[in-house]
There are 2 protein chains.
Amino acid sequence: MPPLPISPPKPKDATEKVAHALALAIHEHRIAPGTKLGEDELGEIYDVSRTVIRAALQSLAHIQLVEIQRNKGAFVAQPSLREAREVFEARALLEPRTAGSAAARATPRDIAILKEHIAQEHAAMDAGDHGRALSLSGVFHIEVARIADQDTIRQFIETLIARSSLIIALYWRRESALCESHAHHALIDAIAKADAQNAEELMRSHLVDLNSALDLRDRPTQSRSLKELLQDPHP
Amino acid sequence: MPPLPISPPKPKDATEKVAHALALAIHEHRIAPGTKLGEDELGEIYDVSRTVIRAALQSLAHIQLVEIQRNKGAFVAQPSLREAREVFEARALLEPRTAGSAAARATPRDIAILKEHIAQEHAAMDAGDHGRALSLSGVFHIEVARIADQDTIRQFIETLIARSSLIIALYWRRESALCESHAHHALIDAIAKADAQNAEELMRSHLVDLNSALDLRDRPTQSRSLKELLQDPHP
DNA sequence: CCTCAACTCATTGTATACAATCTTGCGTGC
DNA sequence: GCACGCAAGATTGTATACAATGAGTTGAGG
């Protein structure tokens, strides 16, 4: 039996490598929303040509992790309040049912993979690496969707998780705990018991909790700098 | 008041132009699933360099209209039976609620746009241009999602509609009618009356009808050539 | 001292050239 | 005659070079 694949399968070509590396950096909050991603700069960092960089950026733009402005370049996306709300509405629509399906289909191996996730999340937390813990908790949701064995919906959820990472970076209420591993642990239990209804309900409340850890209220002025607001007001 | 925008906004750069042209050709069933899309060939047709063609193909690959195989090239996608079922499951999950939202938000102008769609569908049908009629009926669904004013879900629906076009090309039961304009007309009425519940139910049954016009039963052997099946068994 | 405009420079959009990989056809050996 | 292997052609993957657009700067004029 091959080792448990925690991360998605290794990318084969240079473009995917760069795209994954960038996506990971964004998910782990090592690059802030709004950051300019210059092509030459990235090309030098990853030691590939701009051709590869551009392909990777386009790929990330399609899942809305970065925003490409014609003749201006690529920036790490800054989801608006409205987009943030939409993303979590869509997650609330898709993920609970998916968790239920996962509970109905999960194999012992799947459970092991999920538990391995939890372990890694804890390890990252203990190491104080909040970015990595957050990233892993996103992958957890994707893994649940994978177990549900619905590729189409899983792909949608992947993009929603990706955008959620940006949303958390922008709108997380710092006084809130956002300690996801407890909710994830309960979810694993339900899935392991093939209790679809409970899994569905746990996922639903987990998403509600996540939402309340965010500050998605309307606000007259944003906290970001005026310059950023003027150069990228989400047209 | 500007003219009613039936099609999405005009693409600005060469890449988008090519991507839209290719997507339209696929939606109108002018290119069959499985067709090889050579880069040089397309470059000559659209009079742009392979750089542009590759970007367009990657864009289409992301919405799964084409499948790119490393070092082999791009092909018009051939959704498997399983994928076909998943796509319609996802549509059933997303579109009815979206139609309900659309009914709650539609403006008179929105209604006019939808009616214009119906008219164009009828015109295409009368002209015997089934491909164009089919493509327009897809755009109708996208337009409903736009009216619902949920960009995130609209984007998901767009990809589902795109793939549906391929699925219809592959699995349509020719004895079936697939005459969508009646269902669309009823839907417009419900939306115009702001009857969300009725719109939701009409969309649901419309999707059921669509599904029964397809033959998604398991089949031991496919109707396509052995070579195609062996070179692209959907790994 | 401030404003505006033109120019320079940096960055992106596109095209072309080179390298790597796959397909295909032919030739050799059995 | 058939199968295997090798080589030539074709196609994609990547890098580089050129063109076009935008941003920042510097200078003159008010």
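Proteins get letters first, then strands, A, B, ... in listed order; numbering begins at 1 in each. Computed from a predicted structure; not experimentally measured.
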Winner on side-chain proximity to B/K36, out of D/dT14, C/dT14, D/dT12, is D/dT12

Think A/R70 has a side-chain N or O under 4.0 angstrom from the OP1 or OP2 of C/dT12?
-> no

Between A/K72 and D/dA23, is there a side-chain N or O to OP1/OP2 distance below 4.0 Å?
-> yes

Kindly say if A/S49 contacts the phosphate of D/dA15, meaning a side-chain N or O under 4.0 Å from OP1 or OP2.
-> yes

What about A/R50, does its side chain sit under 3.5 Å from the base of C/dG13 through a donor-acceptor pair?
-> yes

Please give, in whole Å, the distance from C/dT12 P to A/L42 CG?
-> 9 Å

Among D/dT12, C/dT14, D/dA15, the nucleotide that comes nearest once only the side chain of A/V48 is considered = D/dA15

When the distance from CG of A/L37 to P of C/dA10 is rounded to whole Å, what number comes out?
-> 20 Å

Starting at CZ of A/F75 and ending at P of D/dG22, how long is that distance when rounded to a whole Å?
-> 13 Å

Atom of A/L57, atom of A/E39 and distance for their closest heavy-atom approach | CD1-CG, 4.2 Å

Atom CD of B/Q58 and atom P of D/dG13 are separated, to the nearest Å, by 9 Å

So, A/E86 and A/R82, do they make that salt bridge, N to O below 4.0 Å?
-> yes

Charged N-O contact under 4.0 Å between B/R105 and B/D110 = no

Test item: B/H29 side-chain N/O and B/S165 main-chain N/O as donor-acceptor pair under 3.5 Å = yes

Choose from D/dG13, C/dA15, C/dT12 the nucleotide whose nearest atom is closest to any side-chain atom of B/N71.
-> D/dG13

What is the distance, rounded to the nearest whole Å, between atom CG of A/L57 and atom C1' of C/dT11?
-> 13 Å

Rounded to whole Å, CD of A/E41 lies from P of C/dT11 at a distance of 9 Å

With the side chain of B/R54 defined as its heavy atoms from C-beta on, choose the nearest nucleotide among C/dT12, C/dT14, D/dT12.
-> D/dT12

Output the distance between atom OG (B/S101) and atom CD1 (B/I147), rounded to the nearest 0.5 Å.
-> 11.5 Å

Specify the separation, in whole Å, of atom CD of B/E39 and atom P of C/dT14.
-> 16 Å

To the nearest angstrom, the CG-C1' distance between B/D47 and C/dT14 comes to 12 Å

